[in-house]
Amino acid sequence: MPRKSNHINQSEEVFGYGQKLDQSFYLRKNVVTIARELLGKMLITVFDGVITAGRIVETEAYEGVIDKASHAYGGRRTNRTEVMYAAGGTAYVFLCYGMHQMFNVVTNVKDTPHAILIRAVEPVTGIETMLQRTGKPKADFTLTRGPGNVAKALGISVKHTGENLLGNVIWIADDGTVYSDEQVVATARIGVDYAGEHALWPYRFIVKGNKYVSGKKK
DNA sequence: TCTATGATCCCCT
DNA sequence: GGGGATCATAGAT
């Protein structure tokens, strides 16, 4: 099977997605606010000149030391979670269930381990590449639905943990798209029952009716 | 449309 | 040694 070259003019393409979020966006204190604001933003990756991008439609905030659902609950600091303590604007990627890569955005200042899990995007650019990476036969709503699929389609893996989101490998951009409060719903987070009552915190944000949003049924 | 299940492996206790 | 910030599929309803 012939492999597409896909080598594009990076600077031109990059420019087309709007303004790259700068570090001040990520350094803010309220991780829940940032999670809400990430809806509608573009998540872009460029690996070996191959670009893929999607619009974020589902996020989850993890509030660090006070949040039982967070890997950094109680100030836990391990090899895996060390990256969470970096300054905002860093990628935290971990392996889940032995096979799925979860891509998170670290927020807040250094040593405050907040993070936002990107749970779903709407594919925008590089759909052919996403199909190759995921091995899916066609582009349907499952292509980038759920955090495991997002990372797979965008080519993100645990080796990218610690990557700076202000560079030209993985970054998030604002192209002016804004979802109104009527289009957005806050819900409890998924798959964190072990966190007790903290699992009920309305820290998950979804774009209402978007078919790429994970969870039950469309 | 739902529930159950297997895949698969790193991390932490 | 146990379980997890998941996903796809199979089979029942």
Side-chain angles (χ1 to χ4, degrees), chain A residues 31-32 34-36 38-39 43 54 56-86 88 90-108 112-123 130-163 165 170 185-206 209-218:
Chain A
V31 67
V32 180
I34 300 174
R36 164 64 178 88
L38 281 178
L39 294 182
L43 174 60
I56 298 169
V57 296
E58 179 179 0
T59 61
E60 272 180 5
Y62 286 84
E63 204 171 11
V65 300
I66 65 163
D67 181 356
K68 287 181 184 168
S70 170
H71 291 159
Y73 175 62
R76 232 169 18 148
R77 211 163 175 147
T78 67
N79 282 337
R80 179 176 69 156
T81 63
E82 187 59 33
V83 174
M84 298 183 78
Y85 292 81
T90 303
Y92 169 47
V93 188
F94 66 92
L95 186 67
C96 190
Y97 296 105
M99 64 197 87
H100 299 298
Q101 329 271 329
M102 307 278 117
F103 170 70
N104 297 250
V105 175
V106 173
T107 68
N108 214 312
T112 302
H114 289 184
I116 298 167
L117 174 64
I118 306 301
R119 291 190 58 90
V121 307
E122 211 173 58
M130 295 185 195
L131 289 172
Q132 285 175 20
R133 286 170 176 162
T134 58
K136 290 175 188 287
K138 61 179 202 249
D140 63 6
F141 68 93
T142 68
L143 185 59
T144 52
R145 174 198 212 233
N149 289 328
V150 169
K152 201 169 183 185
L154 293 179
I156 298 170
S157 73
V158 291
K159 68 177 180 234
H160 300 115
T161 199
E163 185 75 40
L165 300 179
I170 307 173
V185 189
T187 79
R189 292 169 294 185
I190 302 279
V192 294
D193 292 344
Y194 58 85
E197 61 187 44
H198 292 188
L200 302 177
W201 290 355
Y203 280 14
R204 170 173 176 251
F205 295 94
I206 63 177
N210 189 287
K211 63 182 177 179
Y212 292 96
V213 169
S214 68
K216 349 192 142 120
K217 260 232 71 160
K218 129 75 228 241

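These numbers come from the heavy atoms of this one structure, side chains and all, not from hydrogens, waters or symmetry mates. In what follows, chains are A, B, ... by sequence order, proteins preceding strands, each numbered from 1.
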Applying the Watson-Crick and G-U wobble criteria at under 3.5 Å, what pairs with B/dT8? Answer none if nothing qualifies.
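Paired with B/dT8, as far as the under-3.5 Å criterion goes, is no nucleotide at all.
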
Pairing partner (Watson-Crick or G-U wobble, both distances under 3.5 angstrom) of C/dA5
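When the pairing criteria are applied, nothing turns out to pair with C/dA5, so the answer is none.
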
[X] side-chain N/O to [N] phosphate OP1/OP2 under 4.0 Å:
| X | N | answer |
| --- | --- | --- |
| A/N79 | B/dC10 | no |
| A/R145 | C/dT6 | no |
| A/K152 | C/dC7 | no |

Could you tell me the separation between the [atom1] atom of [X] and the [atom2] atom of [N], rounded to a whole number of Å?
| X | N | atom1 | atom2 | answer |
| --- | --- | --- | --- | --- |
| A/F94 | C/dG3 | CZ | C1' | 13 Å |
| A/I156 | C/dT6 | CD1 | C1' | 16 Å |
| A/Y92 | B/dC11 | OH | P | 10 Å |
| A/L143 | C/dA8 | CG | C1' | 15 Å |
| A/M99 | C/dT9 | CE | C1' | 14 Å |
| A/H100 | B/dG6 | NE2 | C1' | 11 Å |
| A/L117 | C/dA5 | CG | C1' | 6 Å |
| A/Y73 | C/dA5 | OH | C1' | 17 Å |

With sugar-phosphate meaning primed atoms plus P, OP1 and OP2, does [X] contact a base, only sugar-phosphate, or nothing at under 4.0 Å between heavy atoms?
| X | result |
| --- | --- |
| A/N149 | sugar-phosphate |
| A/K136 | sugar-phosphate |
| A/L95 | sugar-phosphate |
| A/R189 | nothing |

Given B/dT13, C/dC7, C/dA5, the nucleotide with the shortest approach to the side chain of A/H71:
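Out of B/dT13, C/dC7, C/dA5, the nucleotide with an atom closest to A/H71's side chain is C/dA5.
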
How many angstroms lie between [atom1] in [X] and [atom2] in [Y], if you round to the nearest 0.5 Å?
| X | Y | atom1 | atom2 | answer |
| --- | --- | --- | --- | --- |
| A/N210 | A/E58 | CG | CD | 9.0 Å |
| A/R119 | A/F103 | CZ | CZ | 14.5 Å |
| A/Y97 | A/M102 | OH | CE | 8.5 Å |
| A/E122 | A/L143 | CD | CG | 11.5 Å |

A quick test of your reading: do over 12 heavy atoms of other residues, nucleotides or ligands sit less than 6.0 Å from CG of A/N79?
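Atom CG in A/N79 is not crowded, with 12 or fewer foreign heavy atoms closer than 6.0 Å.
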
Applying the 5.5 Å / 30° rule, does A/Y97 stack onto the base of B/dA7?
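Not stacked by the 5.5 Å and 30° rule.
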
